[in-house]
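The sequence lines fix the lettering, A, B, ..., with proteins before strands; numbering per chain opens at 1.
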There are 2 protein chains.
Amino acid sequence: MVILDPESNIPLYMQLRTQIIESIVRGNLSKGDTLPSVRGLAGDLGINMHTVNKSYHELEAKGIIEIVPKKGAVIIADTEKGPSKKQREDITEELRPAVAEALVHGMKEEDLHQLISEIILIVKEV
Amino acid sequence: MVILDPESNIPLYMQLRTQIIESIVRGNLSKGDTLPSVRGLAGDLGINMHTVNKSYHELEAKGIIEIVPKKGAVIIADTEKGPSKKQREDITEELRPAVAEALVHGMKEEDLHQLISEIILIVKEV
DNA sequence: CGATTGTTATAGTAAATATAGAACAGGTCT
DNA sequence: AGACCTGTTCTATATTTACTATAACAATCG
């Protein structure tokens with residue numbers, strides 16, 4: 001279930017790719033599953049085909065799905081294997097500004113570990 | 001020391017505000033210190049005054065500095081006190097997409113804690 | 001065959017990003 | 001007092017990004 005907020009300052013294609021990632025984490029989508037067609041999903045969400053296409057290509061760049069021309073987008077992310085070196089570096093750069101912001105407000109290492117644990121529960125919707 | 005990359009896909013004002021935050025975390029800038037004037041820093045960095053101004057206002061919105069009209073921008077972030085509720089929520093939303101990405105690639109809670117610890121060392125430039 | 005697939009191309013609008021220059025009023029400093 | 005610097009505000013413009021809208025193509029699938 002994907003819900004987009006057109007009023008958000010976060011671009012639609014980012015909202016979509018994040019929600020697809022979280023769906024995989026929760027197990028609503030699994031390795032080997034095929035994502036809806038770009039046209040179909042765009043229609044359901046009331047957005048343009050190209051916006052969905054952009055999300056899919058970002059997911060492909062992150063190594064989460066594989067897009068097979070004329071066929072579909074298949075989930076290849078292995079939620080058991082662990083990230084590649086590049087994937088780990090990308091995640092590091094994504095986390096860095098927020099970690100710095102946490103530190104500047106006085107959060108300690110243990111506080112951040114606690115916050116990460118909370119976020120994991122939120123993403124998994126436990 | 002601030003270094004901006006005009007070729008980066010990260011906007012200049014974001015690069016600047018992140019680097020100022022990290023400077024505070026490292027102790028290069030401390031509570032009570034005054035940031036350079038928007039004109040002065042813009043000149044040093046070879047960018048426009050309004051771009052620096054935007055960074056400063058984002059830092060003010062995050063509660064890291066206080067801008068006193070006609071005087072200057074003073075650092076008010078307390079690196080000992082701990083974040084306010086809103087600040088903690090903002091940090092949570094900033095971390096969430098990257099945490100989801102880590103999970104989808106199979107990182108476990110302990111792996112993320114380890115990564116966060118590494119990032120803390122990077123930010124502090126130990 | 002007919003429908004659907006991802007891809008590509010073109011086009012347009014709107015917003016975000018960045019620059020530029022000018023002017024204002026309130027501080028600072030000599 | 002006068003000169004200077006401060007952040008603020010305004011207008012203006014160029015570029016890039018985000019999003020939508022159509023259309024067409026070739027390949028897959030039932």
Rounded to whole angstroms, how far apart are CG on A/L41 and P on D/dT20?
-> 12 Å
Side chain to side chain contact (heavy atoms under 4.5 Å, CB included) assessment of A/S23 paired with A/R26 | CA-CA 5 Å; A/S23 293; A/R26 288 191 209 103; 4.2 Å; yes
Name the residue closer to the 5' end of DNA chain D, choosing between B/P36 and A/N48 according to the nucleotide with the nearest heavy atom.
-> B/P36
Rounded to whole angstrom units, what separation is found between the CD atom of B/E7 and the P atom of D/dT17?
-> 11 Å
Heavy-atom donor-acceptor pair, B/Q15 side chain to B/D5 backbone, under 3.5 Å | yes
Using only side-chain N and O atoms of A/T51, determine if any of them is under 4.0 Å from OP1 or OP2 of D/dT20.
-> yes
Quick one: does A/Q19's side chain have a donor or acceptor within less than 3.5 Å of a partner on A/I3's backbone?
-> yes
Nearest-Å distance, CG (B/L35) to P (D/dT6)?
-> 13 Å
Specify the separation, in whole Å, of atom CE of A/M49 and atom P of D/dA23.
-> 12 Å
Interface polar pairs with nucleotides 10-17 of chain C, N/O, under 3.5 angstrom:
unit_1: C/dT17; atom_1: OP1; unit_2: B/Y13; atom_2: OH; d: 3.0
unit_1: C/dT17; atom_1: OP2; unit_2: B/Y13; atom_2: OH; d: 3.4
unit_1: C/dT17; atom_1: OP2; unit_2: B/K54; atom_2: NZ; d: 3.0

Phosphate contact (D/dG7 OP1 or OP2) by B/N53 side-chain N/O below 4.0 Å = no
Roughly, in whole Å, what's the span from CD1 in B/I47 to C1' in D/dA14?
-> 17 Å
What integer distance in Å separates B/N9:CG from D/dA18:C1'?
-> 15 Å
Interatomic distance, B/I10 CD1 vs D/dT16 P [rounded to whole Å] | 18 Å
Please write out the pairs of protein N or O atoms and N or O atoms of nucleotides 1-5 of chain C separated by less than 3.5 Å, giving the distance to one decimal.
unit_1: C/dT5; atom_1: OP1; unit_2: A/S37; atom_2: OG; d: 3.0
unit_1: C/dT5; atom_1: O3'; unit_2: A/K71; atom_2: O; d: 3.4

Partner of B/S55 by side-chain contact (heavy atoms from CB on, under 4.5 Å), out of B/L16, B/I65, B/I47 | B/L16
May I have the step-by-step check of salt bridge (charged side-chain N to carboxylate O under 4.0 Å, His left out) for A/E80 and A/K31, ending in yes or no?
-> CA-CA 11 Å; A/E80 296 302 326; A/K31 186 175 180 179; over 6 Å; no
Point-to-point distance, once rounded to the nearest 0.5 Å, from CG of B/N53 to OG of B/S37 = 10.5 Å
Check B/E109, B/M107, B/R96 against A/I120 for a side-chain contact (heavy atoms from CB on, under 4.5 Å) and give me the one that passes.
-> B/E109
Could you state the CD-P distance from A/E58 to D/dA18, rounded to the nearest angstrom?
-> 8 Å
Check whether any side-chain N or O of B/D111 sits under 3.5 Å from a backbone N or O of B/K108 as a donor-acceptor pair, and report yes or no.
-> yes
Considering only NZ, NE, NH1 and NH2 on the basic side and carboxylate oxygens on the acidic side, decide whether B/K62 and B/E94 come within less than 4.0 Å.
-> yes
